[in-house]
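Some notes on the structure that comes next.
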Amino acid sequence: MLQILIFALLVFCGHGFEDFPDTNARVVGGTNAQRNVWPSQISLQYSSGGSWYHTCGGTLITQNWVMTAAHCVDSNLNFRVVVGDHNLYQNDGTEQYMSVRKIVIHPNWNSNSVASGYDIALLRLSQSVTLNSYVQLGTLPPSGQILPNGNSCYITGWGRTKTNGQLAETLQQAYLPVVDYATCSSSSYWGSTVKTTMVCAGGDGVRSGCQGDSGGPLHCLVNGQYVVHGVTSFVSSLGCNVSRKPTVFTRVSNYISWINNVIASN
């Protein structure tokens with residue numbers, strides 16, 4: 001990842017700091033989350049050399065389905081899902097470990113162009129998880145719902161706490177208010193990189209997603225409850241917490257029909 005960032009910075013120096021997405025989005029400028037505040041958050045992990053490593057986040061949406069980003073699972077790795085986790089490096093006593101039975105990536109996902117959108121995937125677990133105070137289903141929005149500029153939201157994840165930093169041990173949360181499409185697609189923000197099928201949030205240059213947060217939820221406060229309106233997709237290649245480069249999420253409300261169809265047919 002470091003080599004990619006160095007290459008990207010060299011490209012920017014030659015092209016007036018042109019900006020590109022970085023899909024390896026962790027929470028920068030956040031705080032430790034309380035143990036069971038975000039019980040739908042999962043850790044997506046892959047096996048290597050006999051050990052398991054966190055790579056992305058995700059949201060438990062039924063007792064045997066998880067929603068994450070397509071770019072998290074479009075490689076040929078052996079994945080597992082951990083629900084009820086809080087500290088990645090110690091046994092909290094609340095974890096449940098599930099193997100992944102099936103991966104369904106959105107058919108329009110293009111791994112060469114995250115800016116095209118469709119960065120969403122569903123994972124069918126090998127068995128149903130047990131719901132309790134530490135493991136709950138995320139609430140999804142109604143189809144097509146668009147949140148207003150400034151709507152209160154929180155990103156959560158175990159991603160890096162700063163650009164090129166370390167993964168967080170404890171689940172992090174950061175306040176990222178919605179940046180509406182008109183603003184986020186303006187030339188001083190993301191421009192044409194951002195599509196209407198995405199949600200922008202943050203951009204204050206202090207708090208953001210970063211490497212390791214990808215696939216995780218954007219929890220937005222709507223009518224008194226937190227609803228998962230986003231799947232963490234990308235940040236700026238110039239760095240995670242770049243001013244006027246909000247963290248960009250797949251807009252969940254655009255994919256409700258697809259999600260329902262996948263679950264019903266699998």
Side-chain angles (χ1 to χ4, degrees), residues 1 22 24-46 51-60 66-69 72 80-97 129 131-139 151-178 199 201-222 224-235 239-243 246-249:
M1 187 60 224
D22 178 357
N24 292 298
R26 149 171 187 175
V27 172
V28 174
T31 59
N32 288 350
Q34 293 183 12
R35 186 170 295 274
N36 59 346
V37 170
W38 309 111
S40 66
Q41 170 86 45
I42 67 95
S43 170
L44 180 66
Q45 303 179 356
Y46 68 95
S51 297
W52 291 94
Y53 299 93
H54 172 85
T55 182
C56 281
T59 303
L60 185 69
V66 162
M67 177 175 66
T68 189
C72 289
R80 76 175 182 184
V81 165
V82 185
V83 300
D85 210 347
H86 185 67
N87 186 313
L88 289 178
Y89 301 106
Q90 68 184 36
N91 187 347
D92 299 305
T94 55
E95 301 93 342
Q96 298 175 48
Y97 302 91
V129 306
L131 301 181
N132 53 46
S133 60
Y134 301 98
V135 180
Q136 290 290 321
L137 306 182
T139 300
N151 197 108
S152 296
C153 301
Y154 282 87
I155 184 176
T156 55
W158 289 276
R160 301 176 190 267
T161 50
K162 63 180 180 179
T163 304
N164 296 329
Q166 300 297 313
L167 291 177
E169 293 185 13
T170 302
L171 182 67
Q172 300 290 295
Q173 64 180 43
Y175 178 69
L176 296 185
V178 167
V199 176
D204 63 0
V206 178
R207 294 164 293 194
S208 71
C210 200
Q211 287 82 0
D213 287 327
S214 288
L218 179 70
H219 317 263
C220 296
L221 189 60
V222 181
Q225 74 171 146
Y226 281 101
V227 180
V228 180
H229 267 268
V231 175
T232 309
S233 184
F234 62 86
V235 293
C240 295
N241 52 330
V242 177
S243 182
T247 306
V248 182
F249 303 81

Heavy-atom check, side chain of N32 versus side chain of Q172, under 4.5 Å | yes

With sequence neighbours excluded, residues passing side-chain contact (heavy atoms from CB on, under 4.5 Å) with Y53 | Y46, S48, S51

Taking only residues two or more places apart in sequence, or in another chain, which ones meet Q136 in a side-chain hydrogen bond (donor to acceptor under 3.5 Å, both in side chains)?
-> none

Between OG of S214 and CZ of F249, what distance do you get to the nearest 0.5 Å?
-> 10.0 Å

Does T232 use its side chain to pair, donor to acceptor, with the backbone of G216 at less than 3.5 Å?
-> yes

Can you name the nearest heavy-atom pair linking S40 to G138, along with the distance?
-> CB-N, 3.3 Å

At their closest point, which heavy atom of T68 faces which heavy atom of C56, and how far apart are they?
-> OG1-CB, 4.5 Å

Mind checking side-chain contact (heavy atoms from CB on, under 4.5 Å) for T139 and listing every partner two or more places apart, or none if nothing turns up?
-> Q225, V227

Do the non-hydrogen side-chain atoms of L167 and W158 ever get within less than 4.5 Å of each other?
-> no

Are Q173 and L171 close enough that some pair of their side-chain heavy atoms sits under 4.5 Å apart?
-> no

Do S208 side-chain atoms and C240 backbone N/O form a donor-acceptor pair below 3.5 Å?
-> yes

Applying side-chain contact (heavy atoms from CB on, under 4.5 Å), name anything that partners S243, two or more places apart in sequence or on another chain.
-> none

Does some side-chain heavy atom of L60 sit less than 4.5 Å from a side-chain heavy atom of V81?
-> no

With sequence neighbours excluded, tell me which residues meet side-chain hydrogen bond (donor to acceptor under 3.5 Å, both in side chains) with Y97.
-> none

What heavy-atom pair brings R80 and V82 nearest, and what distance separates the two atoms?
-> NE-CG2, 3.8 Å

Residues two or more places apart in sequence or in another chain: which of them pass ring pair (Phe, Tyr, Trp, His ring centres under 6.0 Å) with H229?
-> none

Heavy-atom closest pair (S133 atom, P39 atom, distance to 0.1 Å) is O-CB, 4.0 Å

With sequence neighbours excluded, residues passing side-chain hydrogen bond (donor to acceptor under 3.5 Å, both in side chains) with N132 | none

For residues L218 and C153, report the shortest heavy-atom separation together with the two atoms involved.
-> CD1-CB, 3.7 Å

Quick one: side-chain hydrogen bond (donor to acceptor under 3.5 Å, both in side chains) partners of T59, sequence neighbours excluded?
-> none

Is the backbone of G212 close enough, under 3.5 Å, to the side chain of H54 for a donor and an acceptor to pair up by distance?
-> yes

Check: T55 side chain, L44 main-chain N or O, donor-acceptor pair, under 3.5 Å = no

Which residues share a side-chain contact (heavy atoms from CB on, under 4.5 Å) with Q34, sequence neighbours left out = V37

Among residues two or more places apart or on two chains, list those pairs meeting side chain to side chain donor-acceptor pair (under 3.5 Å) that have a residue in residues 85-94.
-> R35-D92

Between Y226 and Y154, how do the two ring planes meet: parallel, tilted or perpendicular, split at 30° and 60°?
-> perpendicular

For residues Q45 and L88, determine if any side-chain heavy atom of one lies less than 4.5 Å from a side-chain heavy atom of the other.
-> yes

Hey, are the side chains of V235 and T247 touching, using non-hydrogen atoms and a 4.5 Å cut-off?
-> yes

NE2/H219 to CG/L176 distance, rounded to the nearest 0.5 angstrom?
-> 10.5 Å

Closest heavy-atom pair, Q41 versus P217, reported as atoms and distance to 0.1 Å, is OE1-CD, 3.2 Å

